[in-house]
Enquirer: 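To start, I am sharing the structure in question, which I have written as structure tokens.
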Amino acid sequence: MRFDVVTIFPAMVQQAAGAGIVGRAIEGRLLTVAVHDLRDFTTDRHRVVDDVPYGGGPGMVLKPEPLFRALDTIEQIGEGRPTVLLTSPQGTPLTQPVVERLSRQPWLVLLCGRYEGVDERVRTRVDEEVSIGDYVLSGGELPALVIIDAVARLVPGVVGDEQSVAEDSFGRGLLDFPHYTRPAEIATSASREPLRVPDVLLSGNHAEIRRWRKREALARTLERRPDLLEHGELDAEEQKLLRELKLPKP
Ligand code: 4GX
């Protein structure tokens, strides 16, 4: 899969994309991330990318022509047309189903907005606007990196353990269950009880462990994110566990 990112902070995007799981996938040629400096597509001596808004008001707007030239250049790289995304608070909220849909595209272009935004005419070249959440950032670079990270994880081979991707929190539409590692017991201060790993996880009973994890995931989701249970994709066992969790405690 290929990502092209257009930004006024290319070093920031290059740095972050080169680290961790995504960085390893780039080295392994599973992914290509090409970062383009928007200023390289200006034609004036001062490489100006922004200008004042027509109609007045505070802030600056990204000029359209450098973005159009960047897109024209990028579209000549490959065969076919890339899917062009603009990161903005006005966009489609990024959720795991949206990430899955984007991961089926072979080629994404991410335009990183800055300042008050981009000249509206740029939207004629944008397939979709995407928001990573209802808060205000100072630029589209972090959203672009978030999109690349979430989408890249779904490209086969990028995450070593395919099973962990399939079973991931949100892969199943629920919050994750609690995780523990050794030791089975840790002594804390003298006045406190030792902190023990739940016995079921040490039991070796894999059917029981699976049920316990399901119940914990459901209990957490019910407690913290009941909205996730509304569009119910629960199997029969999950529906039964959820009914039990909702019963008043005896
Ligand atoms: N999820 N921002 C983009 C400038 C901007 C505004 C409008 C294009 C159109 C954000 C978010 C986000 C701040 C990035 C404004 N660019 N992007 N920037 N939340 O807050 O995606």
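Atoms within a ligand are numbered from 1 in the order they appear, just like the ligands themselves. Hydrogens, waters and symmetry mates are skipped; everything else that's a heavy atom, side chains included, is used.
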Enquirer: Of the protein's non-hydrogen atoms, which lies at the shortest distance from atom 3 (C) of ligand 1, and what is that distance?
Expert: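 So the nearest neighbour among protein heavy atoms is Thr87 O, 3.6 Å.
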Enquirer: Using a strict 4.0 Å cut-off to heavy atoms of Arg123, name the atoms of ligand 1 that fall inside it.
Expert: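 So the atoms of ligand 1 that pass are 9 (C).
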Enquirer: Within the 4.0 Å heavy-atom shell around Gly140, which atoms of ligand 1 are there?
Expert: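 By the 4.0 Å cutoff, the relevant atoms are 3 (C), 14 (C).
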Enquirer: Please work out, at 4.0 Å between heavy atoms, whether the side chain, the backbone, both, or neither of Glu129 comes within that distance of ligand 1.
Expert: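 No part of Glu129 is near ligand 1 at this cut-off.
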Enquirer: If you round to the nearest 0.5 Å, how far is CZ of Arg114 from OG1 of Thr7?
Expert: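 Here the rounded value is 6.5 Å.
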Enquirer: Applying the 4.5 Å side-chain criterion to the ILVMFWY set and letting contacts propagate, would Trp212 and Leu241 be lumped into a single cluster?
Expert: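 Per the 4.5 Å side-chain linkage, Trp212 and Leu241 are not co-clustered.
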Enquirer: Verify, without hydrogens or angle tests, whether Glu162 (side chain) and Gly157 (backbone) share a donor-acceptor contact under 3.5 angstrom.
Expert: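 Yes; at least one donor-acceptor contact below 3.5 Å.
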Enquirer: Which residue supplies the protein heavy atom nearest to atom 1 (N) of ligand 1, what is that atom called, and how far is it?
Expert: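 Of every protein heavy atom, Ile132 N, 3.0 Å lies nearest to atom 1 (N) of ligand 1.
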Enquirer: Among all protein heavy atoms in this structure, tell me which lies nearest to atom 13 (C) of ligand 1, with the distance rounded to 0.1 Å.
Expert: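 Answer, as residue, atom name and distance: Leu137 O, 3.0 Å.
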Enquirer: Checking a contact table here: which protein heavy atom is nearest atom 9 (C) of ligand 1, and how many Å away?
Expert: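 In this structure, atom 9 (C) of ligand 1 has Ser88 CB, 3.3 Å as its nearest protein heavy atom.
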Enquirer: If I take atom CZ from residue Arg104 and atom CE from residue Met1, how far apart are they, to the nearest 0.5 angstrom?
Expert: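 One gets 11.0 Å once the value is rounded to the nearest 0.5 Å.
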Enquirer: Can you tell me which portion of Val130 lies within the under-4.0 Å heavy-atom range of ligand 1? Options are side chain, backbone, both, or neither.
Expert: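 It is the backbone that touches ligand 1; the side chain stays farther off.
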Enquirer: Under 4.0 Å, heavy-atom basis, I'd like to know which part of Pro143 is in contact with ligand 1: side chain, backbone, both or neither.
Expert: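 The answer is the side chain of Pro143.
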Enquirer: Identify the protein heavy atom lying closest to atom 4 (C) of ligand 1, giving its residue, its atom name and the separation to 0.1 Å.
Expert: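 It is Tyr115 O, 3.6 Å.
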Enquirer: Quick one: which ligand 1 atoms are inside 4.0 Å of a heavy atom on Gly139?
Expert: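 Close to Gly139: 14 (C).
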Enquirer: I need the nearest protein heavy-atom contact for atom 5 (C) of ligand 1: residue, atom name and distance, please.
Expert: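 Here the nearest protein heavy atom works out to Gly117 CA, 3.5 Å.
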Enquirer: In Å and rounded to the nearest 0.5 Å, what is the OG1 to CG distance from Thr87 to Leu85?
Expert: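 Between Thr87 OG1 and Leu85 CG, I get 8.5 Å after rounding to 0.5 Å.
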Enquirer: With heavy-atom distances below 4.0 Å as the criterion, list the atoms of ligand 1 near Gln90.
Expert: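 Listed by number with element, the hits are 7 (C).
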Enquirer: Heavy-atom distances under 4.0 Å decide this one: backbone, side chain, both or neither, for Glu141 against ligand 1?
Expert: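 Glu141 to ligand 1: no contact under 4.0 Å from either part.
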Enquirer: Between Pro178 and Glu216, which heavy-atom pair has the shortest distance, and what is it?
Expert: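 That closest heavy-atom pairing would be CD-CB, 3.5 Å.
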Enquirer: From the options Gly113, Cys112, Ser138, select the one whose nearest heavy atom is closest to atom 16 (N) of ligand 1.
Expert: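 When every heavy atom of Gly113, Cys112, Ser138 is considered, Gly113 comes closest to atom 16 (N) of ligand 1.
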Enquirer: Any N or O of Tyr135 that comes nearer than 3.5 Å to an N or O of ligand 1?
Expert: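 So ligand 1 has an N or O lying under 3.5 Å from an N or O of Tyr135.
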Enquirer: Quick one: which ligand 1 atoms are inside 4.0 Å of a heavy atom on Val136?
Expert: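 Answer, ordered by atom number: 20 (O).
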Enquirer: For the residue pair Arg125 and Phe68, what are the closest heavy atoms and their distance?
Expert: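 Looking at all heavy atoms of both residues, the shortest contact is CG-CE2, 3.2 Å.
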Enquirer: Purely on distance, is any nitrogen or oxygen of Gly133 under 3.5 Å from one on ligand 1?
Expert: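 Indeed, backbone or side chain, Gly133 has an N or O that close.
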Enquirer: State, to 0.1 Å, how close Ala70 and Val6 come at their nearest heavy-atom pair, and which atoms those are.
Expert: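 Nearest heavy atoms, Ala70 then Val6: CB-CG1, 4.1 Å.
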Enquirer: For Leu67, run the side chain to side chain contact (heavy atoms under 4.5 Å, CB included) check against Leu62, Asp119, Val126 and tell me which one passes.
Expert: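 So, applying the side chain to side chain contact (heavy atoms under 4.5 Å, CB included) to Leu67 and each of Leu62, Asp119, Val126, only Leu62 qualifies.
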Enquirer: Which atom names give the shortest non-hydrogen contact between Leu30 and Val155, and what distance separates them?
Expert: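 Reported closest heavy-atom pair: O-CG1, 4.4 Å.
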Enquirer: Just how far is it from atom SG of Cys112 to atom CG of Leu137, taken to the nearest 0.5 Å?
Expert: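 Here the rounded value is 11.5 Å.
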